[in-house]
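Labels below follow one simple rule: chain letters A, B, ... track the order of the sequence lines, proteins then strands, and each chain is numbered from 1. The structure presented is a predicted model; accordingly, all values stated were derived computationally and were not measured. As a basis for the values below, the full set of heavy atoms in this structure was taken, side chains included, without hydrogen atoms, waters or symmetry mates.
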Amino acid sequence: MFNFLRKLIPGGIHPPQRKSLSNQNPIQFAGIPDRLYIPLESNYTGTLTLDIEIGQTVLKGQRLAHSQNDDFSAIHAPTSGKIIEIASHPFPHPSGMNAQTIVLETDGQDKAVESLEPARSHDDLTSDEIITAIKDAGIIGMGGAGYPTYLKTKFAQNVETLIINGAECEPFITCDDRTMRDFTDEVISGARLLQKAVNAQRILFAIEDNKPEAARILAHKLENQNDIELRVIETIYPTGGQKQLVQILFGFEVETGKHLPDYGLQMFNIATARAAHYALIEHRPVTSRVVTVTGENIHEGQNFEALIGTPFNYLINQIAPSDTDYSVIMGGPMMGVEMPNSDVPVVKTTNCILLKKPIKKTPHMPCIRCGSCADACPMSLMPQQMYWYAKEGDLEKTKDHAIFDCIECGCCAYVCPSEIPLVQYYRHAKAEIKADDLAKKKAEIAKQRHEAQLARVEAEKKAREERLAKKKAAVKQQHTSDEAKDKVAANAAAAKARAQARARAQIEKAKAQETQPADSNPPVKSRSNKPSGNAAAVAKAKALAKAKAKAKAQKKDND
Amino acid sequence: MISSVLVIGLLALAFGALLGYAAIRFKVEGNPLVDQVDKLLPQTQCGQCGYAGCKPYAEALANDEAAINLCPPGGEETMLNLAELLGKEPLALDESVEQDPTPTVAFIREDECIGCVRCIKACPVDAILGATKMMHTVIEHECTGCELCVPECPVDCIDMIKQPETSKNWRWDLPENLEKEIKRV
């Protein structure tokens with residue numbers, strides 16, 4: 001009953017829009033720069049496999065690299081030309097670091113790969129075909145997050161409502177506004193394809209009421225389509241955030257750890273929908289996107305259809321800013337990140353190039369615990385507490401204050417009277433926590449491996465000991481059996497000898513009886529054999545010793 | 001008076017019996033403190049503490065036989081965590097141990113390796129692959145950087161390489177310069 005009194009989202013702010021700076025003219029094609037720089041890294045980088053070689057000539061739309069995993073989308077040549085090198089080059093990242101980058105020297109012909117398949121229509125496509133085509137076309141969330149659309153469609157089947165996000169809540173940015181106005185049919189067609197991909201029952205277009213022209217055109221086009229609803233929502237920053245938009249449209253909060261498909265919803269940006277249209281109907285992968293180039297001291301900004309890999313300064317030069325003293329921000333004034341220079345290339349998530357007055361590093365004032373930030377937080381967090389704990393390095397406490405629910409929208413920093421760069425504290429704390437978790441995971445793996453190694457060494461030692469014991473036992477057995485054999489043989493030999501001796505004695509007896517009684521003791525003879533043998537051995541040894549002594553003496557003489 | 005003595009005595013007996021039974025019935029195998037301490041250690045298994053690995057050091061710590069500042073890979077953070085867990089005063093780390101938080105991994109210059117398998121035996125986490133008279137190599141993401149293989153190599157072909165900072169492991173810094181200036185104000 002009192003729903004109209006309820007605030008749409010907790011917190012939120014109303015910064016100056018400044019959108020009319022850049023949304024007056026239709027989207028212009030930016031042109032083909034001499035060189036395109038296509039980085040091989042992004043927010044979600046898996047391992048990429050290159051499909052091209054240095055020196056190779058490529059056509060527009062030819063695949064340059066793909067991923068075996070699902071976590072990174074394919075990269076395609078934005079225009080025709082020659083791959084001149086793969087080198088380290090600046091890329092849009094807050095670290096200001098370089099990434100391995102494919103450098104494409106354009107030939108100006110813009111010759112495309114000829115598609116063997118004819119243009120398709122909506123009716124011939126099945127959900128699986130659409131999802132596969134989305135993956136092959138390298139479509140990622142073009143609103144800014146860059147999460148692979150393929151995964152978003154694959155894991156959201158049979159949702160009730162598909163939300164197409166045209167809120168574009170950040171000041172200055174107008175690329176979605178202009179896309180909805182200039183490419184209305186493509187956006188609607190793409191939305192229909194995404195609807196089919198996730199088997200959604202209906203589509204909900206959400207637009208902030210600061211884009212009346214786009215809303216008017218869309219409403220006109222959607223007049224006779226029953227299962228598409230257009231919802232014009234109040235302008236509050238940050239309505240464009242996924243969770244915030246759901247809260248505004250449906251009135252409930254998305255819980256921590258839950259995703260939209262858990263509620264029978266899925267959401268895509270309008271630029272993603274447009275890319276889906278090109279990929280499926282015209283067999284064109286993502287090779288360009290709409291980029292707003294605008295800024296504080298710019299007389300007139302402009303939306304460009306820019307090839308992926310176009311250096312920022314190529315676009316900036318086209319609007320010819322009078323004031324050359326600026327810092328370059330990718331994204332809007334609230335969530336954008338400062339670029340190290342203007343050489344960085346346009347990537348699939350570059351929605352806006354914002355020229356800002358150089359950010360002066362002035363000391364901020366201390367926190368006065370006014371609580372404005374808590375009021376402004378659209379996620380109902382406690383920014384001041386998180387700030388204290390992040391500053392003190394108490395990461396556990398920041399986690400307890402749900403720092404990972406923070407969407408880094410910057411509302412808290414915007415309202416802070418002490419101008420504390422709060423979001424940077426949160427980003428720092430989040431990065432530290434993630435690094436800690438990674439280290440813990442690594443330590444756990446190392447521990448397991450160490451234990452496994454100890455077990456292996458132990459097992460090997462045991463096995464060796466066992467083997468040794470077995471061998472010993474075998475040898476012993478062999479030995480005893482040999483001894484037994486010897487005994488038997490000895491007994492046999494003795495018996496034989498005795499028998500022989502007896503026989504001989506009998507013969508001799510007989511002889512003696514026959515002839516004379518002569519020396520009658522053959523055993524004595526045999527006994528005397530032994531000493532004589534000994535004597536021989538002694539003699540032999542003596543001879544050897546003599547010979548040795550002789551040899552020694554000779555040697556001495558020789559020396 | 002007698003009755004109260006009797007009641008208290010009986011109560012004492014009953015509870016004593018209960019405790020005695022619980023001590024046998026719910027006996028904890030091993031020392032749980034050892035596992036807690038072991039969790040805090042970095043598991044590099046480098047032996048720089050003077051014990052044969054992280055677990056033996058954890059055991060020594062749990063039995064109050066070792067100082068808490070002997071773990072160079074863990075650095076100050078581990079020392080502080082240990083101090084908190086064991087209720088001890090934090091100690092300064094040994095100054096002779098150089099402190100470098102950059103993680104390193106072993107790298108075998110493969111064309112110089114003679115295949116003696118000594119490093120394989122030294123590796124506490126089985127992160128080196130190879131066979132007798134065959135080239136060896138380190139599984140980079142399993143290496144803990146303990147350096148135990150380095151002195152084992154008879155031809156000195158193992159280098160410890162610092163892990164470079166990339167956009168993937170880069171972290172946002174605190175807005176530090178602003179903090180310093182405010183102190184001056």
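Neither the backbone nor the side chain of Thr44(B) comes within contact range of chain A, judged by heavy atoms closer than 4.5 Å. Both the backbone and the side chain of Glu165(B) come within less than 4.5 Å of a heavy atom in chain A. Residue Asp38(B) touches chain A through its side chain alone, counting heavy-atom pairs closer than 4.5 Å. Proximity to chain B (any heavy atom under 4.5 Å) is restricted, for Val337(A), to the side chain, taken from C-beta onward. The contact between Ala390(A) and chain B is made entirely by backbone atoms, counting heavy-atom distances below 4.5 Å. Residue Pro124(B) touches chain A through both its backbone and its side chain, counting heavy-atom pairs closer than 4.5 Å. Only the side chain of Thr144(B) comes within contact range of chain A, judged by heavy atoms closer than 4.5 Å.
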Which pairs would a plain distance check flag for residues 454-463 of chain A, meaning a side-chain donor or acceptor within less than 3.5 Å of a matching protein atom at least two apart in sequence or in another chain?
residue	atom	partner	partner atom	Å
Arg456(A)	NE	Asp126(B)	OD2	2.9
Arg456(A)	NH1	Glu460(A)	OE1	3.4
Arg456(A)	NH1	Glu460(A)	OE2	3.2
Arg456(A)	NH2	Asp126(B)	OD1	2.8
Arg456(A)	NH2	Asp126(B)	OD2	3.4

Task: Gln45(B)/Gln43(B) under side chain to side chain donor-acceptor pair (under 3.5 Å): CA gap, chis, key distance, verdict - done: CA-CA 5 Å; Gln45(B) 317 294 352; Gln43(B) 304 299 333; 3.0 Å; yes
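Comparing Met97(A), His450(A), Gln448(A), Glu432(A) by heavy-atom pairs within less than 4.5 Å of chain B, the highest count is held by His450(A). Of all the listed residues (Glu444(A), His93(A), Lys442(A)), the one sharing the greatest number of non-hydrogen pairs under 4.5 Å with chain B is His93(A).
With hydrogens and angles disregarded, no donor-acceptor distance shorter than 3.5 Å links the side chain of Thr350(A) to the backbone of Val346(A).
Contacts of Glu408(A) classified as salt bridge (Lys or Arg N to Asp or Glu O under 4.0 Å), with partners at least two apart in sequence or in another chain: Arg427(A), Lys430(A).
With a 4.5 Å cut-off on side-chain heavy atoms, Tyr414(A) and Cys409(A) do not count as touching. Contact annotation: the side chain of Pro421(A) approaches that of His364(A) to within less than 4.5 Å [non-hydrogen atoms, C-beta and beyond].
Summarising the local packing, CD of Gln163(B) is surrounded by more than 12 heavy atoms from other residues, nucleotides or ligands at distances under 6.0 Å.
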